[in-house]
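Report on one structure; see the data block that follows.
In the text below, chain A, chain B and the rest are named by the order of the sequence lines, each starting its count at 1.
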Amino acid sequence: MARPFNVAQVEAKWQARWLDEGTYEVDNDDPRDRFYALCMYPYPSGTAHQGHIRNYTFGDLVVRYQTMRGKAVLSPFGFDSFGLPAENAAIKAGSHPRLFTDARMAELKSSVRRLGAVYDWRREVHSHDPQYMKYAQTIFLAFLKAGLAYRAEAPVNWCPGCATVLANEQVLADGTCERSGDLVERKNLEQWFFKITDYAEELLNDIDALEWPERVKTMQRNWIGRSEGVEFDLPLADDGAKALRVFTTRPDTGFGMTYAVVAPEHPLLAELTTDGERAHVAALVERATSASELERTASSDSGAGLEKRGAFTGSFVINPFTNQPVPVYVADYVLGTYGTGAIMAVPAEDERDFAFATVHGLPIVRTTQPPVDFDGGAYSGDGAHINSGFMNGLNVIDAKRKATEYLAEHAAGVVKVNYRLRDWLVSRQRFWGCPIPIIYCDVHGMVPVPADQLPVLAPDDVTMDKSGQSPLATHEGFRNTTCPVCGGPARREADTMDTFTDSAWYYLRYADPFTPNVPFDPVEAAKWMPVDQYIGGIEHAILHLLYARFYLKAFVDIGLATGLPREPFRRLFTQGMIRLSGSKMSKSKGNLIAPEKYYETVGADGLRIFHLFVGPPADDVDWTDQTEEVIEGCGRFLDRVYRLAQYDEVNYHETPDDADLAVRQALHRTIVKVTDGLERWSYNTAVAALMEMLNTISKWARSDHGAERAALDEAIDTMLLLLAPMAPHLTAELWESRHPGDASVHLHQWPVADPALVREATVTMVVEINGKVRARLEVAPGLSEDGAQSAALADPTIVAVLAGATPKRVVARPPRLVNIIV
RNA sequence: GGGGGCGUAGCCCAAUUGGCAGAGGCAAGGCGCUUAAACCGCCUCCAGUGAGGGUUCGAGUCCCUCCGCCCCUACCA
């Protein structure tokens, strides 16, 4: 495509200038109102792909727009630079992950610069930077001191072939290792956890006030999974002094409990198991605990439809409602990690229990009367209670209350709230992450690394071998150390931290990257926090956002972030995915469309306009055969802007006339439309409004009638200002050529519409008869209902159509329409 | 199985939140410019809103049922 100007040259010129002049560097004591705009910091995967481009186009638009609104805008950039892909690449290449990472970072950085996205590069943060690691380790130790970090045994994915632990994403769908193909086993290891569950209630409650997409809020609520119920005792039938403790949300269905179930991991299982059943139970437990999660759930796509495997333990417990003994089963559909790890089973009102009871031939007793048209199975809806003694006739809510009282009196029942949310397992048996700063001494046990010995850095002289085992585990120079307490021989923790720990607080370091020795100075960070606009992908809707919320709350509580808000991200926007022939565009799928070719044709500005224009920013983008042509069209739009700004064959006239006024009105309405579009994430309509405006100005300027000079200058300048956050290079170039010596277009104030020009002098009012349009009237916008009605009924066309008939009813909605019903 | 989203011209999308279905772009066609083509400028064509029902003076918009596609989640008692 032939362009009217040298796109690459213009873009390079302005990119260099923004960088050299530090246009978007901002100080913490800037006197202007503040705005913190943040795109999720990326994993350094190499040159940018369209997903990045889309993300940074939106982010940069926010930065430039808010700057023009007079704000001091914090716009930082950095890298989530630890992680498995670099480790895998290093294994493959036989090199060090840092080499790979640094190279990919440089590529991505130059990509975002080429896009024209602007940042305060002085604030750049990398997770693998030794200083950042030092702060990450400081945070870990602060959590440990505050009781928020603890060690416990937990299962990991163990590959017997590689003799190492695998990350979840290294386990294939069939439960085998992606590298060796061996069947992955579960193995228990001592691992570190963060007590995020201490914050479950607050994390749940604070969701309400966030200006986030509803679906993200819903996902977080579901993930936390609060449920209220009763915990109570089921006495053992042959030893009334002992009891099995269970949790239920439906105590009202207690009369229907026909058996009880314990999880395979339940501590009482051995005691409950009779000699006759020991072999069956052992087989069940073996299968449930050694098999991977995948194997356990692979057989079906429906949780409720899963095969209900279980075994009778040989023991009985007493149902406290009926005082009758019921059998105790062990089954893998009961989880050891939730509630008490044991349940009362009520097949009539719980579909999982129903499925199990059906398979194992256990009795089913209804306690809630299902509706007449109910087609069988478990019924969990509301209804009158039956077969339920003192609860008969009550609905679910009332029966729950009664049952709860009853259990409190007869079965040590207490009201209990449980959460689906588990504590955060942060240990990773990997090399390319931040080492956990702990030392193990034979004499003094677990000892934190003293502050003056931080950061604990991974050694450089390692070879990543094909086994995938972390070299930290075997590197003697790293592992062997001395105990900080006694100086005796000791060993370092070989695990590293989950990379989600790095992304849980990076936004705080961005706000204050200058203070040494502490993760950040709360006084400095408070100047920017919370983030006013966070932008990223929907794939981080749950974990990253939840962990970041947890970190900040914990920071405030343990004194690391005194005075900061307890929520990090006030507003969140999640952009749509780019998909190519139906599937998500991603590096792992190898279906990326590189931006470079478009830089050569339509330039960064053209590509930015495309991403803004192609559809609503929250929607997915289908990259199709036509996309190329749409991108060309976006370049064409910018070319037309360029030509118009350079057009010098205008028939100027001196006194403004009606045509000039009409264009000015259109212009000021465009200011409103574009501003509104930018405020409510309707970038596609904002671009469309500018395209429309361009058409209007262009026709006007090229007409024989001509244009008034001041009005034309105003129109073109205003259009450049409105376009500046979207196409920053072209607008900067044109502004400079139109206003030599003036400040950059980006440093000008955002245009403000003149209300007198926005207001419509008259509005077209539609007159309908029985919903059918019969006449159009030009009326004043402030017309009253009565005025609208009489104007409509007086219109000759309407009089003619009515032909003397008396309207049954007249609905007047001035100044929009009048509907006459006859 | 549960939760959520989407379906409007050939295609991508608008529609002041219940008030004339069309802003913008792509594609197609035409005219002008051109020796010619491209570029450029101008113009034209195209749907009654996935299907059915309901509420309403009035439904793309609200409610119900169904169809199709997509995303999230997964035995949490």
Please list each protein N or O that sits under 3.5 Å from an N or O in nucleotides 52-60 of chain B, with the distance.
from, atom 1, to, atom 2, distance (Å)
rC57(B), OP1, R809(A), NH1, 2.9
rC57(B), O2', N819(A), ND2, 3.4
rC57(B), O2, N819(A), ND2, 2.7
rC57(B), N4, R813(A), NH1, 3.3

Contacts under 3.5 Å, N or O only, protein and nucleotides 8-10 of chain B:
from, atom 1, to, atom 2, distance (Å)
rG10(B), N2, Q626(A), NE2, 3.4

Give me the distances for all protein-to-nucleotides 62-64 of chain B N/O pairs that come in under 3.5 Å?
none

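Of all the residues in residues 220-230 of chain A, W223(A), S227(A) reach under 4.0 Å from RNA chain B with at least one non-hydrogen atom.
Aromatic ring centres of Y333(A) and F356(A) lie closer together than 6.0 Å. Between Y598(A) and F610(A), the distance from one ring center to the other does not fall under 6.0 angstrom. Centroid-to-centroid, the aromatic rings of F573(A) and W681(A) come within less than 6.0 Å.
Comparing the P positions of rC72(B) and rA9(B) gives a spacing of 27 Å, expressed to the nearest Å. Using C1' as the reference atom, rG68(B) and rA51(B) are 11 Å apart when rounded to the nearest Å. Using P as the reference atom, rG53(B) and rG60(B) are 14 Å apart when rounded to the nearest Å. Taking atom P in both rG19(B) and rA28(B), the straight-line distance is 36 Å, to the nearest Å. The same atom, C1', is picked in rC33(B) and in rA14(B); the two are 33 Å apart, to the nearest Å. Rounded to whole Å, the separation between the P atoms of rU65(B) and rG4(B) comes to 13 Å. The same atom, C1', is picked in rC45(B) and in rG5(B); the two are 34 Å apart, to the nearest Å. Rounded to a whole angstrom, the distance from the C1' atom of rU56(B) to that of rC64(B) is 16 Å.
Atom-to-atom, CZ of R215(A) to C1' of rU73(B) comes out at 13 Å; the value is rounded to the nearest Å. One interatomic measurement links the two molecules: CG of D639(A) to P of rG25(B), which rounds to 14 Å at whole-angstrom precision. Following rounding to the nearest Å, F354(A) (CZ) and rA77(B) (C1') show an atom-to-atom distance of 17 Å.
Put simply, the side chain of E231(A) never gets that close to the backbone of V246(A): no donor and acceptor are under 3.5 Å apart. Without hydrogens or angle criteria, H360(A) side chain to L362(A) main chain gives no donor-acceptor distance under 3.5 Å.
Classification of R3(A) and D639(A) as a salt-bridged pair holds, one side-chain N sitting under 4.0 Å from a carboxylate O. Note on D252(A) versus K400(A): no salt bridge recorded, every NZ/NE/NH1/NH2 to OD/OE distance being 4.0 Å or above. In this structure, K673(A) pairs ionically with E692(A), as a charged nitrogen and a carboxylate oxygen lie closer than 4.0 Å. Ion pairing between a basic and an acidic side chain is recognised when a charged N comes within 4.0 Å of a carboxylate O; R221(A) and D208(A) show such pairing.
Taking the side chain of T249(A) as heavy atoms from C-beta on, and the options rU17(B), rA77(B), rG4(B), the nearest nucleotide is rA77(B). Relative to the side chain of Y338(A), the nucleotides rC75(B), rA77(B), rC39(B) differ in distance, and rA77(B) lies closest. Comparing atom distances between the I343(A) side chain and each of rA77(B), rC72(B), rC70(B) picks out rA77(B) as nearest.
Judged purely by distance below 3.5 Å, without hydrogens or angles, the side chains of N819(A) and R809(A) never pair a donor atom with an acceptor atom. In this structure, a donor-acceptor pair under 3.5 Å is present between the side chains of R422(A) and T337(A). For the residue pair T624(A) and D622(A), no side-chain donor N or O sits within less than 3.5 Å of a side-chain acceptor on the partner. Q50(A) and H611(A) form a side-chain donor-acceptor contact under 3.5 Å, judged by distance and modelled atom types alone.
The glycosidic torsion of rG30(B) lies more than 90° away from 0, which places this base in the anti conformation. Annotated as syn: rU17(B), whose O4'-C1'-N torsion sits within 90° of 0.
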Give the table of side-chain donor-acceptor pairs shorter than 3.5 Å for residues 758-773 of chain A, with sequence neighbours excluded, one pair per line with atom names and distance.
from, atom 1, to, atom 2, distance (Å)
T762(A), OG1, E778(A), OE1, 2.9
T764(A), OG1, E778(A), OE2, 2.7
N770(A), OD1, V822(A), N, 3.1

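In a base pair of the Watson-Crick type (N1 to N3 plus N6-O4 or O6-N4) or a G-U wobble (N1-O2 and O6-N3), with each distance short of 3.5 Å, rG7(B) is matched with rC67(B). In this entry rU56(B) has no Watson-Crick or G-U wobble partner, no candidate having both defining distances under 3.5 Å. If you check rA28(B) for Watson-Crick or wobble pairing at under 3.5 angstrom, you find it paired to rU44(B). If you check rC39(B) for Watson-Crick or wobble pairing at under 3.5 angstrom, you find it has no partner at all. Base pairing analysis places rG18(B) opposite nothing; no Watson-Crick or G-U wobble pair with both distances below 3.5 Å involves it.
For the pair R640(A) and rC42(B), the criterion of a side-chain N or O lying under 4.0 Å from OP1 or OP2 is met.
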Please lay out, stage by stage, how I224(A) and R420(A) fare under the test side chain to side chain contact (heavy atoms under 4.5 Å, CB included).
CA-CA 6 Å; I224(A) 295 168; R420(A) 217 191 71 111; over 6 Å; no
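Within 4.0 Å (heavy atoms only), N695(A) reaches sugar-phosphate atoms of the nucleic acid but no base atom. Using a 4.0 Å heavy-atom cutoff across all strands shown, K808(A) reaches no nucleic acid atom at all. Residue contacts shown for V614(A) are limited to sugar-phosphate atoms, with no base heavy atom under 4.0 Å away.
Evaluation of the side chain to side chain donor-acceptor pair (under 3.5 Å) rule for S227(A) yields Y338(A) as partners, not counting sequence neighbours.
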